[in-house]
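Report on the following structure.
Numbers here simply count residues along the sequence, with the first being 1. Note that the coordinates shown come from a computational prediction; the quantities given were computed from them, not determined experimentally.
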Amino acid sequence: MTTATYPATASDLESRLYSRITWRFVPLLMICFVFAYLDRVNISFAKLQMQSDLGFSDAVYGLGASIFFVGYFLFEVPSNMILHKVGPKRWIARIMVTWGIASAAMMFVSSETSFYVLRFLIGSLEAGFVPGALYFFTNWFPSVRRGRINSLFMAAIAVCGIIGGPISGGIMKFTHGVSALHGWQWLFLLEGIPSIVLGVVCYLVIDDRIQDARWLKPEEKQLLEERIAAEPRSEAAHSFGAALKQPTTIVMSLIYLMLASGIYGLVFWMPQLIKSAGTDDTFIIGLISMVPYLCAGLGMIVIGRNSDRTGERRWHLAACALMGAIGYAASAWFGSNTLVLVVALSAAATGIIAGIGLFWILPPRVLSGAAAAAGIALINSVGQLGGIITPYMVGKIRDLTGSAAIGLYVVALECLLGAALLLWGLPRRIYFREPAQQ
């Protein structure tokens, strides 16, 4: 008995085509983002040894963690404008190679001044990677597919937390004293080198535009370009000046500031919060820190797929921000109980990281062309102010009170404000429901 076969439908062929594109670009950029985030936040693990070795206070550490974002803020928009002109292929490769070198150079920190200078330099050199990747996705994927694509990309934050904690903790524990170097010095060196290698890979693999892809057939290129051209937009601005004049751009910047404040409260202080709850071994702290990120990675994929399936964005986003607020408030209240603390941090991580992935669907609805490149960078750079404010604020409060609880309550309030702005701060025309995806 033979089984009948049927020709694939146009929908099946299109799904397979987008699957090919996803597998070609998204895993690579996810891995790049993992190391971008690792090079950005491994200072939170280095702190556990570096702070006592160099005699830094919590306020010094908080300022060093924050000053990264000053460079990031200053150079992000110019970086993405250059990317728009020269193409993601060259510029993303440049970003990765240079930030990898600067991150590895952190092993030579010996004073507060060198600490601040190198952190500023890393931020300046990394500026543009995330908005550059998000802009790159707008050239390849229509809006109806970007919920899951953005969520997969932002899942790199969770992946970084899952593998970064044990790796960072393990490097510091098992390399300490090798070749007369401290564990935190090996940490910066070994986690900076992969970024340089990945920069070369990006140059070889990334195609700036659909028409540049030699591995696609002419009819496939035509289909992809038709899908991009047909995607719905809501009075999209085409120039950077027009984007700046839209109140919606400013509101989106404020929303992202609230969300970014939430994520940076997590990544820069979670190891210290776990340690304060009663765990001293750096490797065990790294293992425990995996849990919130593992929950976030699973949760954000489920939330992103459900949002794409229903075509609904507004309430998904607001619920994520609210989950982050509840998680942070619970982390402050139950800070001395390791089990409850980890559950609370898991809720905060899931809500904030999932919310960040979904958020980036909104800007391309009102920005296109050069405005999309610069506007996305502007929104992201304003969001990075959360990285300037939150780590230093929590560190200063901890220096003054001996506890991070008040700082965590402030971060919870920021997440709550983000939820309110998502529900009532943006015009309803942005929240059009997209066709449901299976």
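In this structure, Tyr135 and His84 have side chains that are in contact, with non-hydrogen atoms separated by less than 4.5 Å. The shortest side-chain heavy-atom distance between Val34 and Ile163 falls under the 4.5 Å cut-off. Taking 4.5 Å as the limit, some side-chain heavy atom of Phe68 sits within range of a side-chain heavy atom of Glu126. The shortest side-chain heavy-atom distance between Arg227 and Arg145 does not fall under the 4.5 Å cut-off. In this structure, Val342 and Pro292 have side chains that are in contact, with non-hydrogen atoms separated by less than 4.5 Å. The closest side-chain heavy-atom distance from Tyr72 to Val130 is below 4.5 Å. At least one side-chain heavy atom of Ile284 sits less than 4.5 Å from a side-chain heavy atom of Ile288. With a 4.5 Å cut-off on side-chain heavy atoms, Ser261 and Tyr328 do not count as touching.
Heavy atoms from other residues, nucleotides or ligands lying under 6.0 Å from CD1 of Ile406 number 12 at most.
For Ser336 (side chain) and Ala277 (main-chain N/O), no donor-acceptor pair under 3.5 Å exists by modelled atom type. Looking only at distances, a side-chain donor or acceptor of Ser111 sits under 3.5 Å from a matching main-chain atom of Ser114. Side chain of Glu76 to main chain of Gly128: a donor-acceptor pair is present (N/O by atom type, distance under 3.5 Å, no hydrogens or angles).
One finds the NZ atom of Lys217 at 10.0 Å from the CG atom of Leu17 (value rounded to the nearest 0.5 Å). With rounding to the nearest 0.5 angstrom, the CG atom of Leu259 is 9.5 Å from the CD1 atom of Ile263. From Leu29, atom CG reaches atom SG of Cys202 across 5.5 Å, with rounding to the nearest 0.5 Å. Leu378 contributes atom CG, which lies 9.5 Å from atom CE of Met252 (distance to the nearest 0.5 angstrom). Remark: Arg119 CZ to Phe69 CZ distance equals 7.0 Å, nearest 0.5 Å. One distance of note links SG of Cys32 with CG of Leu198; it measures 4.5 Å at 0.5 Å rounding.
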Would you be so kind as to tabulate the donor-acceptor pairs closer than 3.5 Å made by side chains of residues 350-359, with sequence neighbours excluded?
| from | atom 1 | to | atom 2 | distance (Å) |
| --- | --- | --- | --- | --- |
| Thr350 | OG1 | Ala296 | N | 3.4 |
| Thr350 | OG1 | Ser346 | O | 2.8 |

Listed pairs under 3.5 Å, donor-acceptor, residues 205-212 side chains, sequence neighbours left out:
| from | atom 1 | to | atom 2 | distance (Å) |
| --- | --- | --- | --- | --- |
| Asp207 | OD2 | Trp215 | NE1 | 2.7 |
| Asp208 | OD1 | Lys89 | N | 2.7 |
| Arg209 | NE | Asp212 | OD2 | 3.4 |
| Arg209 | NH2 | Asp212 | OD1 | 3.2 |
| Gln211 | NE2 | Glu225 | OE1 | 3.1 |
| Gln211 | NE2 | Glu225 | OE2 | 3.1 |
| Asp212 | OD2 | Arg209 | N | 3.2 |

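A salt bridge (Lys or Arg N to Asp or Glu O under 4.0 Å) check over residues 164-183, counting only residues at least two apart or in different chains, returns the pairs Lys173-Asp281. For residues 92-128, the ring-ring contact (aromatic ring centres under 6.0 Å, His included) pairs, not counting sequence neighbours, are Phe56-Phe115, Trp99-Phe129. Applying the side-chain hydrogen bond (donor to acceptor under 3.5 Å, both in side chains) test to pairs two or more places apart or on separate chains, none has a residue in residues 22-32.
Minimum heavy-atom separation, Ala325 to Cys415: N-CB, 3.6 Å. Across all non-hydrogen atoms, the minimal contact from Leu408 to Ala332 is CB-CB, 3.7 Å. Across Ala419 and Leu322, no two heavy atoms sit closer than the pair CB-N, 4.2 Å. Ala329 and Tyr409 get closest at one heavy-atom pair: O-CE2, 3.7 Å. When all heavy atoms are compared, the tightest approach of Ser331 to Leu345 is OG-CD2, 3.4 Å. Contact between Ser307 and Arg313 at its shortest, heavy atoms only, is OG-NH1, 2.8 Å.
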Exercise. Decide yes or no on side chain to side chain contact (heavy atoms under 4.5 Å, CB included) for Ile92 and Leu83, but give the supporting numbers first.
Key: CA-CA 8 Å; Ile92 288 178; Leu83 179 142; 4.0 Å; yes
Exercise. Would you please test Ile21 and Trp140 for side chain to side chain contact (heavy atoms under 4.5 Å, CB included) and show each step?
Key: CA-CA 8 Å; Ile21 296 167; Trp140 283 87; 3.8 Å; yes
Quiz item: Would Leu362 and Leu426 satisfy side chain to side chain contact (heavy atoms under 4.5 Å, CB included), going step by step from the backbone distance to the final call?
Solution: CA-CA 10 Å; Leu362 302 183; Leu426 292 171; 4.1 Å; yes
Quiz item: Does the pair Val70 and Leu74 meet the rule for a side chain to side chain contact (heavy atoms under 4.5 Å, CB included), with working shown?
Solution: CA-CA 6 Å; Val70 177; Leu74 292 175; 4.2 Å; yes
Quiz prompt | ring pair (Phe, Tyr, Trp, His ring centres under 6.0 Å) between Tyr256 and Trp360, intermediate numbers included | solution = CA-CA 9 Å; Tyr256 196 61; Trp360 286 110; 4.8 Å; yes
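The aromatic rings of Phe33 and Phe153 sit parallel, their planes meeting at an angle under 30°, below the 60° perpendicular limit.
Partners of Ala104 by side-chain contact (heavy atoms from CB on, under 4.5 Å), not counting sequence neighbours, listed by chain and number: Leu189.
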